[in-house]
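Since the structure comes first, as structure tokens, the remarks are kept for the end.
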Amino acid sequence: MRSLLRSFGVVAAVALGVALVAALITLVFAPRPVGSGWPEPGAPPEPLPRWAPPVAPPVAAATPTGPGVAGLVDLEWLGAASDATGIPARALAAYAGAAIVKAAAMPECRLSWATLAGIGAIESDHARHGGSRLDETGTAVPPIFGVALDGDGVALIPDSDGGEIDGDPDGDRAVGPMQLIPQTWRNWHVDGNGDGIEDPQNIDDAVVAASNYLCRASTAFDTEEGWRTGVISYNSATDYVGRVARAAIRYGDAVA
């Protein structure tokens, strides 16, 4: 456990300002109704909440059940929470495992599994966007790539990776289940599933990288100000904060 915490606690030694600017342009995917408590199709829209208050932490396994962050989560809690929320168990294991790691390594952050799940819901429908799915290692198949950030209704982000990360040599695209742009991934890359490979298409790697970024962008996610500051820094698109908050609240309420 201690070696896991040391490994996942290490992030790239870059200026926080660079990471903040990079993360502001993370792409948003439209969410689909998933999980318990989501409105029926055709129901009138509900006002978006301003933030997602704290939820009960996930239950940690007495002994890790596998490598990486996913193995830190109690399997009974995972099964019950997956059933209650509609979040695929493999994706939920990443959110919960990353929250367990951050609670131990950086307790002042107070980043919840529900907030990470809310971001994952909005960004990629828990890695199901475009018909993708997670394989047994937690990697999105086929890989998830956002639209070209070419300035046509989206931010203009010139190519920064030669297509190495996002498959596009002409311009940058957000990648993976947590929709990280290449610059953000380079700043916060990490091996979250313990396979020795850092891959933004892997949900464990992507969620741990996102949690590392979020807990540097803001602490005190158990307060409205701290929560909003962190989520806005991840993506400042219109209504993004409210949509993440709505998903996170519903996930937390479903498990409670």
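- With ring centers used as reference points, Trp113 lies 6.0 Å or more from Tyr95.
- Minimum heavy-atom separation, Gln179 to Ile144: NE2-CG2, 3.7 Å.
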Inset, instruction - Please step through side chain to side chain donor-acceptor pair (under 3.5 Å) for the pair Tyr240 and Glu123, ending with a clear verdict. - result: CA-CA 10 Å; Tyr240 183 81; Glu123 296 292 353; 2.7 Å; yes
Legend entry - side-chain contact (heavy atoms from CB on, under 4.5 Å) assessment of Thr139 paired with Leu134: CA-CA 5 Å; Thr139 300; Leu134 295 174; over 6 Å; no
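- We find the CG-CE distance between Leu214 and Met106 to be 10.5 Å, quoted to the nearest 0.5 Å.
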Legend entry - Check against side-chain contact (heavy atoms from CB on, under 4.5 Å), Arg173 and Ile181: CA-CA 6 Å; Arg173 296 172 182 259; Ile181 63 170; over 6 Å; no
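- To the nearest 0.5 angstrom, Arg186 atom CZ is 13.0 Å from Glu198 atom CD.
- Contact annotation: the side chain of Met178 approaches that of Val207 to within less than 4.5 Å [non-hydrogen atoms, C-beta and beyond].
- Residues Trp77 and Leu75 share a single hydrophobic cluster, defined by chaining ILVMFWY side chains whose heavy atoms lie under 4.5 Å apart.
- For the pair Asp204 and Arg90, the minimum side-chain heavy-atom distance is below 4.5 Å.
- From Asp199, atom CG reaches atom CG of Asp191 across 10.0 Å, with rounding to the nearest 0.5 Å.
- Considering Asp239, Ile119, Ile232 as possible partners of Val244, the one that fulfils the side-chain contact (heavy atoms from CB on, under 4.5 Å) test is Ile119.
- Using cut-offs of 30° and 60° on the angle between ring planes, the pair Tyr213 and Trp188 is perpendicular.
- If you take CG on Asp172 and CH2 on Trp185, they are separated by 15.0 Å, rounding to the nearest 0.5 Å.
- A distance of 5.0 Å separates NZ in Lys102 from OG in Ser211, rounded to the nearest 0.5 Å.
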